Amino acid sequence: MPTDFLQNDTILLRAVELSDVDTLYRWENDTSQWATANTRAPYSRTQLWNYANDYDGDIHAHHGIRLMVCLRNEGTAIGTVDIYDFDPVNSFASIGIYISSRMRGKGYGVQALSLATAYARQCVGIRQLLAIVAADNLASQAMLKQAGYAHCGTLKHLLRHGDEYKNAHIYQFITT
C-alpha cells in the first residue's frame, strides 16, 4: 500500500505501469489538449510502452517523474501528475496535472495536486514548485489556488495557440 502522502480516502498516486499504455496513448494524442500540454506531435504506443517499461521513478536521474492519478476504490486511472525540470541544487521543479475530461469538476485535480505537492516536499525535498497556466484557463487557476499555490507573475505572449500568443500566469508553492 502506498505511503500516506501518495493517497487519501478518494485517490492515490502511483507509478506508471505497462497496463497504462493505452490510456496514456488516448490522453497524449488528444489534440484538443495539446495547447495546454505544450505538445506538438503525437506519441506512438511504442514510445509510451518504452517509457512505462523503462520507468524507474528516479527523479534525480531523469529530473522528473510522472505519477498516475487513480480512484482509490476502483484503481481506475483518471489522470497524471508530472513533476519536471527538477533542479536539485536549488530545490525546485515545475508541476503539471491532467485529469481526464469526464472526471473534471469533481475535486480530483485539487486532491491530486495536493498529494503530489506533499510527495515533492516530504519525499524528494523540493522546496518550491512552479506551474505555468494559460491566462484564460480559469479552472486550472482555481485548482492551483485551492491547493495552496499563489499567483506570482504573468508572462506576456508566452503560449502559442495557432497564430496567436497567449499570456500565461505563474503559480508558486513554497514549502516551509
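This structure is a prediction, so every number in the text was calculated from the model and none was measured.
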Any side-chain donor near an acceptor of the partner, Thr117 and Tyr149, under 3.5 Å: yes
Whether Arg14 side chain and Leu67 backbone form a donor-acceptor pair below 3.5 Å: no
Throw together a table of side-chain donor-acceptor distances under 3.5 angstrom for residues 75-86, partners on residues two or more places apart or in other chains.
from  : atom 1 : to    : atom 2 : distance (Å)
Thr76 : OG1    : Glu74 : OE1    : 3.2
Asp82 : OD1    : Arg66 : NE     : 2.8
Asp82 : OD2    : Arg66 : NE     : 3.4
Asp82 : OD2    : Arg66 : NH2    : 3.1

Rounded distance (nearest 0.5 Å) linking atom NE2 of His169 with atom OG1 of Thr154: 4.5 Å
Common cluster, Tyr51/Leu18, ILVMFWY with side-chain heavy-atom separation under 4.5 Å: yes
Close side-chain approach of Asn167 and Leu155, heavy atoms under 4.5 Å: no
Same apolar cluster: Tyr165 and Leu158, side chain cutoff 4.5 Å: no
Pairwise salt bridge (charged side-chain N to carboxylate O under 4.0 Å, His left out) hits with a residue in residues 54-63, at least two apart: none
Residue pair Leu113 / Ala147: nearest heavy atoms and the distance that separates them: CD2-CB, 3.6 Å
Trace of the side chain to side chain contact (heavy atoms under 4.5 Å, CB included) decision for Gln7 with Arg72: CA-CA 8 Å; Gln7 67 180 339; Arg72 186 169 173 211; 3.2 Å; yes
Check against side chain to side chain contact (heavy atoms under 4.5 Å, CB included), Met103 and Leu71: CA-CA 10 Å; Met103 302 306 280; Leu71 294 177; 3.8 Å; yes
Closest contact, heavy atoms only, Pro88 versus His63: CD-ND1, 4.3 Å
Inter-residue atom distance Ile95.CD1 - Tyr171.OH, 0.5 Å rounding: 15.0 Å
Leu48 CG to Tyr25 OH distance, which is reported to the nearest 0.5 Å: 9.0 Å
Minimum-distance pair of heavy atoms, taken over all atoms of Ile97 and Gly109: CD1-O, 3.4 Å
Separation between CZ of Arg104 and OG of Ser140, rounded to the nearest 0.5 Å: 8.0 Å
Atom pairs and distances, donor-acceptor, side-chain atoms in residues 119-136, under 3.5 Å, two or more places apart:
from   : atom 1 : to     : atom 2 : distance (Å)
Gln128 : OE1    : Gln172 : NE2    : 2.3
Asp136 : OD2    : Lys166 : NZ     : 2.9

Nearest non-hydrogen partners of Val16 and Ala52, listed with the distance: CG1-CB, 3.8 Å
Point-to-point distance, once rounded to the nearest 0.5 Å, from CZ of Arg45 to CZ of Arg26: 9.0 Å
Residues in salt bridge (charged side-chain N to carboxylate O under 4.0 Å, His left out) contact with Asp87, at least two apart in sequence or another chain: none
Any residue meeting side chain to side chain donor-acceptor pair (under 3.5 Å) with Asn53, in chain and number order, not counting sequence neighbours: none
Spacing of OG1 belonging to Thr10 relative to OH belonging to Tyr108, to within rounding of 0.5 Å: 7.0 Å
His161 (side chain) donor-acceptor with Asp163 (main chain) under 3.5 angstrom: no
Side chain to side chain contact (heavy atoms under 4.5 Å, CB included) evaluation trace for His151 with Ile170: CA-CA 6 Å; His151 178 262; Ile170 303 170; over 6 Å; no
Residues which pass side chain to side chain donor-acceptor pair (under 3.5 Å) with Tyr98, listed by chain and number, not counting sequence neighbours: none
